[in-house]
Each structure stands twice: as C-alpha cells, then as structure tokens.
Amino acid sequence: MLSLSSSARYFLYRHPVDMRCGIYSLAGLVQNDLGMDPLSGDVFIFIGKRGNQLRLLQWDTDGYALYSKRLESGTFERPTDGKLLITSRELSLVLQGVKLASVQLRRRYERSVQA
C-alpha cells in the first residue's frame, strides 16, 4: 500500500510522459529535464499523455521504487499553477480524483522553512 508522508518532497514533472518509459528513462528525465538528482530520495510524479496513468518514482536507499496507477475511466488532473513542488495533500487529492480548483482549505499554521 502506498503511504504519502508530509516529510517527503513531491515534484511534478509538468509535461506529459510516454508511459512506456521505464525506471531509468524516468530517472533520466529527472536528471536531464528537471536538473535534479533522482537518487535524492524525493518522489517524482509523472502523468501520461492521455492523463489516465500516473507513476511515482523514488530512490529507496538500495534501489528505485516505482508506483504506477492506471485509471479505468477518467483522468488525473494536472495542477495548473505551474508548480514543480507539490504537497502530499495535493498529491493525495490528485490520486483520489478531486478537482483541485474546487478545494478550499481552511487556514492552518505553517512553520516557515529557513535555509
């Protein structure tokens, strides 16, 4: 079972991806297109061209872990604000099929991250 942690970082690959790509092709997209390290332990999210398939890629200390989901009907929503980094809450909503524009979250305390 997939578990989303609020302590992990989730990066959305903004362009549609050919879902025939395997682990090393997806890792190559992370390194070459995003300019990030696929071995960082961060989770990278890829949505297929048709929008009905989604893959999560993560380095797990001794190898890659790949989670794949294909919808029988409907599509995954791509966040339209152009963000690369999304929260575990937003990813959970995407996986559940919730329309992100209709979500209204109440204000909560957020601890500022200092560099």
Side-chain angles (χ1 to χ4, degrees):
M1 177 166 182
L2 178 67
S3 171
L4 302 178
S5 168
S6 61
S7 63
R9 296 189 318 167
Y10 300 91
F11 293 96
L12 177 68
Y13 187 77
R14 291 187 215 129
H15 306 291
V17 175
D18 183 350
M19 285 292 118
R20 294 176 294 180
C21 288
I23 288 173
Y24 296 109
S25 296
L26 295 175
L29 290 175
V30 170
Q31 189 166 9
N32 298 327
D33 290 359
L34 298 178
M36 301 180 77
D37 182 11
L39 304 177
S40 65
D42 295 327
V43 179
F44 299 95
I45 306 154
F46 303 91
I47 299 177
K49 291 178 182 177
R50 293 186 207 152
N52 68 338
Q53 291 186 54
L54 178 137
R55 289 191 176 176
L56 305 177
L57 178 71
Q58 181 181 30
W59 177 259
D60 186 26
T61 65
D62 59 355
Y64 284 106
L66 182 67
Y67 172 83
S68 182
K69 182 172 182 176
R70 182 172 84 54
L71 299 174
E72 291 299 317
S73 65
T75 59
F76 292 105
E77 181 180 359
R78 295 179 207 282
T80 56
D81 56 5
K83 288 192 313 185
L84 179 65
L85 182 65
I86 67 172
T87 65
S88 60
R89 180 185 305 160
E90 289 171 317
L91 177 56
S92 179
L93 292 173
V94 167
L95 289 171
Q96 294 173 26
V98 175
K99 192 168 195 160
L100 297 176
S102 66
V103 174
Q104 294 182 351
L105 300 173
R106 294 187 176 268
R107 190 170 64 181
R108 296 287 189 254
Y109 171 79
E110 280 190 34
R111 186 172 166 189
S112 61
V113 179
Q114 295 179 355

Do the side chain of E90 and the main chain of T87 share a donor and acceptor less than 3.5 angstrom apart? yes

Specify whether Y64 and Y24 have parallel, tilted or perpendicular ring planes, treating 30° as the upper limit for parallel and 60° as the lower limit for perpendicular. perpendicular

Nearest heavy-atom pair of M36 and F11: which atoms, and what distance? CE-CZ, 3.3 Å

Between atom CG of L91 and atom CG of L56, what is the distance when rounded to the nearest 0.5 Å? 5.5 Å

Are L54 and L85 joined in one hydrophobic group, where the rule is that I, L, V, M, F, W and Y side chains link up if heavy atoms are under 4.5 Å apart? no

Group every Ile, Leu, Val, Met, Phe, Trp and Tyr by side-chain heavy-atom contacts under 4.5 Å, then state whether Y13 and I45 land in the same group. no

Is there a side chain to side chain donor-acceptor pair (under 3.5 Å) between Y10 and D42? Walk through the geometry before answering. CA-CA 6 Å; Y10 300 91; D42 295 327; over 6 Å; no

Find the distance between OG (S88) and CZ (R9) and round it off to the nearest 0.5 Å. 13.5 Å

Show your reasoning for whether side chain to side chain contact (heavy atoms under 4.5 Å, CB included) applies to Q31 and D37. CA-CA 6 Å; Q31 189 166 9; D37 182 11; over 6 Å; no

Answer yes if W59 and L4 sit in the same cluster of Ile, Leu, Val, Met, Phe, Trp and Tyr residues linked by side chain heavy atoms under 4.5 Å apart, and no otherwise. no

Identify the heavy atoms of L57 and I23 that sit nearest to each other, and give their distance. CD1-CG2, 4.0 Å

Distance check, rounded to the nearest 0.5 Å: Q53 atom CD versus D18 atom CG? 9.5 Å

Please report the shortest heavy-atom distance between R55 and M19, naming the atom on each side. NH2-O, 3.0 Å

First locate atom CG of L12, then atom CG of L34, and finally report the distance between them rounded to the nearest 0.5 Å. 9.0 Å

Search all heavy atoms of K69 against all heavy atoms of L95 and return the closest pair with its distance. NZ-O, 3.4 Å

Is L66 reachable from L39 through a run of hydrophobic residues whose side-chain heavy atoms are each under 4.5 Å from the next? yes

Just wondering, do Q58 and F44 contact through their side chains at under 4.5 Å, heavy atoms? no

Please report the shortest heavy-atom distance between P38 and A27, naming the atom on each side. CG-O, 3.8 Å

Given V17 and K49, is the side chain to side chain contact (heavy atoms under 4.5 Å, CB included) satisfied, shown in steps? CA-CA 6 Å; V17 175; K49 291 178 182 177; over 6 Å; no

Using 0.5 Å steps for rounding, measure from the CD1 atom of I86 to the OG atom of S92. 10.0 Å

If every non-hydrogen atom of F46 is compared with every non-hydrogen atom of L26, which pair is closest and at what distance? CZ-O, 3.7 Å

CD1/I47 to CZ/R78 distance, rounded to the nearest 0.5 angstrom? 5.0 Å

